[in-house]
Asker: 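Quick one: structure below, then a few questions.
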Amino acid sequence: MQKEANPLLVLGALEMRDRLANGSLRAVDLAQAYLARIAEVDPEVQAWAWLDSEDVLRQAKALDAHRASGRPTGPLHGLPVALKDIIDTRRIPTENGTAIDAGRVPGEDAFVVQRLRAAGAIIMGKTVSTELAFLHPGKTRNPHNSEHTPGGSSSGSAAAVAALMVPLAIGTQTGGSVTRPAAYCGVVGFKPTFGAIPRTGVLAQSPSLDTLGVFARTIEDAALLSEVLFGHDPADRATEPMPPPRLLKTALSRPPVKPMFAFARLPGWDQADAQTHMAMKELTEALGEQCFEALLPNAFDEASEIRERINFAEMAKCYYSYERRAPELLSQVMQQAMDAGKAIPARDYIAALDWPDVLYAGLSEIFGRCDALLAPSAPGPAPKGLESTGSSIFNGLWTLCGTPTITIPLLESENGLPMGVQLIGRRGDDARLLRTARWLALQIAAVDAKEQAHV
């Protein structure tokens, strides 16, 4: 986004939080700055599915009054957060990216929205999702170049953060719907371990795969938001009753020793463009002895097909009501996927459900030698054109395995578009992954600063 932003909006969410807490910044002033930014740039980016300026300011004024009263404030007090428009919000439209749900207004907040309100966040609005969080694109454009895709399906959330219209946002991933748009838009996208964030009140597409994730401009900001959302909800059987990790404190800490990385040529490596190959080669060489190349087990070659089999079979069941109510309003790509799902034999679907643990077991030897796997976030920068959301070939296998992943905008393409680097960690090792990613980001920033000093 070329338009110059209010300097206040360039601050990290952590600094905003501290200023709000000590009274040097009012929630109303921050909200007004973001609303002005949205009015300026969203006509081009089109990241918002629903936004009510008056509602935003009402929330901000109430939060300022709360702080002024001396009562305790939450960890997100006064910080605006955007929600992908498949996350239910009480008395606020949630239309799931489809005309079939036009005018739908839930009666209850999703679990994560309840957490946000309790933490003092401002619910900024709803961001554009692709149709039912699948492949048919929405109206959002890439903030760096409006002729290029922002990715999907969490396109609006990634673009809103990238264009400085909101500091934090929430999306979902069933294939690559957090990692890919974050990489294309040049922001941090964190997809935690499967089951870490409860999904109650979120559109279910594929319950064996659906995972909530977050978007931010820095790794520590992603940790701040995620820590509020992690937890157990009996209504979501994927979650477990255990203490949530201290994500932010760990992310901000120094690793006890220099992290070790394992570079993996993922299935589909030959689909990546030449500049991705070159960029990853330069990155691994810069890491030197802190990086080795790892070979994934041959079984990973089938991961994409297995993930799709689970996704399509479960989607055919979860979206049956949409097909029954108004099939003519579903896109062709959606109808084709549901038809494919209905054709999958029960035997093959049930067998596919065994694969995540089998694949994850195959990673044990590699994870025993490294802190994180290292891979491209996408085959290249955001493709030109808005008829496709791009390829998730480097993301879906990690969604299938249930491992935490984070993409950080470390690279830039020849045409100036951002390119992400993806880090993958052990299940449940989300805090360590965030710390490792922040270490890497700081190392690369230091190298860049040194190179600039010699120019």
Side-chain angles (χ1 to χ4, degrees), residues 48-52 55-56 59 74-76 79-98 100-134 138 152-157 160 166 168-174 177-178 190-215 225-241 244 311 314-315 317-322 325 399 402:
W48 297 91
W50 182 90
L51 180 73
D52 185 335
D55 179 63
V56 169
Q59 294 179 67
L76 301 178
L79 289 175
V81 180
L83 304 172
K84 182 176 181 178
D85 195 33
I86 66 167
I87 300 171
D88 281 355
T89 39
R90 180 169 51 91
R91 296 201 297 268
I92 295 175
T94 304
E95 298 181 338
N96 297 316
T98 175
I100 301 174
D101 278 338
R104 176 180 177 269
V105 179
E108 299 291 336
D109 282 332
F111 179 96
V112 291
V113 181
Q114 296 175 25
R115 281 289 182 94
L116 291 174
R117 295 193 194 278
I122 294 173
I123 305 302
M124 195 70 179
K126 310 302 286 291
T127 51
V128 171
S129 167
T130 59
E131 177 198 29
L132 296 171
F134 194 53
S153 60
S154 306
S155 51
S157 291
V166 70
L168 302 166
I170 301 177
T172 63
Q173 177 159 311
T174 305
S177 299
V178 169
F190 174 50
K191 180 203 78 68
T193 298
F194 178 75
I197 301 176
R199 303 164 297 177
T200 307
V202 179
L203 177 72
Q205 179 186 130
S206 180
S208 298
L209 301 169
D210 295 340
T211 309
L212 282 156
V214 305
F215 299 91
L225 176 57
S226 299
E227 188 167 300
V228 169
L229 304 179
F230 271 47
H232 171 60
D233 178 10
D236 185 347
R237 290 181 292 178
T239 66
E240 297 181 19
N311 190 178
E314 294 185 347
M315 187 165 62
K317 179 263 183 184
C318 290
Y319 289 172
Y320 173 68
S321 63
Y322 290 102
R325 285 157 54 197
T399 311

Asker: Below 4.0 angstrom, N of the basic side chain to O of the carboxylate: do Arg115 and Asp109 qualify?
Answerer: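 Salt bridge between Arg115 and Asp109, a charged N being under 4.0 Å from a carboxylate O: no.
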Asker: Looking at Gly103, is its backbone amide N or carbonyl O close enough to the side chain of Glu95 to form a donor-acceptor pair, meaning the two atoms are under 3.5 Å apart?
Answerer: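 Checked: pair present.
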Asker: From Ile86 CD1 over to Asp210 CG, what is the distance, rounded to the nearest 0.5 angstrom?
Answerer: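 One finds 7.5 Å between CD1 of Ile86 and CG of Asp210.
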Asker: Heavy-atom distance under 4.5 Å between the side chains of Ile170 and Leu225, does that happen here?
Answerer: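 Heavy-atom side-chain distance check passes, below 4.5 Å.
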Asker: Does the Arg90 side chain pair with the main chain of Val113, one donor and one acceptor, at a distance under 3.5 Å?
Answerer: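 The answer is no, because no donor-acceptor pair under 3.5 Å joins these two groups.
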Asker: If I take atom CG from residue Leu212 and atom CG from residue Leu83, how far apart are they, to the nearest 0.5 angstrom?
Answerer: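 Going from the CG atom of Leu212 to the CG atom of Leu83 covers 10.0 Å.
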Asker: So Ser129 and Ser153, side chain to side chain donor-acceptor pair (under 3.5 Å) or not? Walk me through it.
Answerer: CA-CA 5 Å; Ser129 167; Ser153 60; 4.8 Å; no
Asker: Rounded to the nearest 0.5 Å, how far does CD1 of Ile92 lie from CH2 of Trp50?
Answerer: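 Separation between the atoms: 4.0 Å.
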Asker: Let me confirm one number: the CD-CD1 distance from Gln59 to Ile122, rounded to the nearest 0.5 Å.
Answerer: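 It is 6.0 Å, given to the nearest 0.5 Å.
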Asker: Evaluate the side-chain contact (heavy atoms from CB on, under 4.5 Å) criterion for residues Asp88 and Arg104: first the C-alpha distance (whole Å), next the side-chain angles of each, then the deciding distance (0.1 Å), finally the verdict.
Answerer: CA-CA 10 Å; Asp88 281 355; Arg104 176 180 177 269; 3.0 Å; yes
Asker: Please name the pair of heavy atoms, one in Thr211 and one in Pro192, separated by the smallest distance, quoted to 0.1 Å.
Answerer: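 For Thr211 versus Pro192, the nearest heavy atoms are CG2-O, 3.7 Å.
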Asker: Give me the atom names and distance for the closest heavy-atom approach of Gly195 to Thr239.
Answerer: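 Answer, listing the atom of Gly195 first, then Thr239: O-CG2, 3.3 Å.
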Asker: Is a side-chain N or O of Lys126 found less than 3.5 angstrom from the main chain of Ile87, in a donor-acceptor match?
Answerer: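 Confirmed, Lys126 side chain pairs with Ile87 backbone.
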Asker: Shortest non-hydrogen contact from Tyr322 to Leu203?
Answerer: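 The answer is OH-CD1, 3.8 Å.
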Asker: To the closest 0.5 Å, what do you measure between CG (Leu168) and CE (Met124)?
Answerer: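 Output value for this atom pair is 11.5 Å.
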Asker: Lys84 pairs by side-chain hydrogen bond (donor to acceptor under 3.5 Å, both in side chains) with which of Ser157, Ser177, Ser154?
Answerer: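 Only match with Lys84 under side-chain hydrogen bond (donor to acceptor under 3.5 Å, both in side chains): Ser154.
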Asker: Would you call Asp101-Arg325 a salt bridge at under 4.0 Å N-O?
Answerer: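 Yes.
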Asker: Would the distance check show the side chain of Asn96 and the main-chain N or O of Thr98 forming a donor-acceptor pair, the cut-off being under 3.5 Å?
Answerer: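 No, because the side chain of Asn96 does not come within donor-acceptor range (under 3.5 Å) of the backbone of Thr98.
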Asker: Is a side-chain N or O of Gln205 found less than 3.5 angstrom from the main chain of Thr174, in a donor-acceptor match?
Answerer: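 Not at all, since once roles are kept as given, no pair shorter than 3.5 Å links the two residues.
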Asker: Which pair of heavy atoms, one from Ser208 and one from Glu314, lies closest together, and at what distance?
Answerer: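 Between these two residues, the closest heavy atoms are OG-OE2, 2.5 Å.
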Asker: Mind checking the OG1-CD1 spacing from Thr172 to Ile197? Nearest 0.5 Å is all I need.
Answerer: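 Here the interatomic distance stands at 11.0 Å.
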Asker: Run the side-chain contact (heavy atoms from CB on, under 4.5 Å) test on Phe190 and Val178 for me, step by step, so that the C-alpha distance in whole Å, both residues' side-chain angles and the decisive distance to 0.1 Å come before the verdict.
Answerer: CA-CA 7 Å; Phe190 174 50; Val178 169; 6.0 Å; no
Asker: Write down the atom of Trp48, the atom of Ala160, and the distance for their closest heavy-atom approach.
Answerer: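 Looks like CZ2-CB, 4.2 Å.
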Asker: Show the nearest heavy-atom pair for residues Leu51 and Val56, with the distance to one decimal.
Answerer: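 Heavy atoms only, the tightest pair is CD1-CG2, 4.5 Å.
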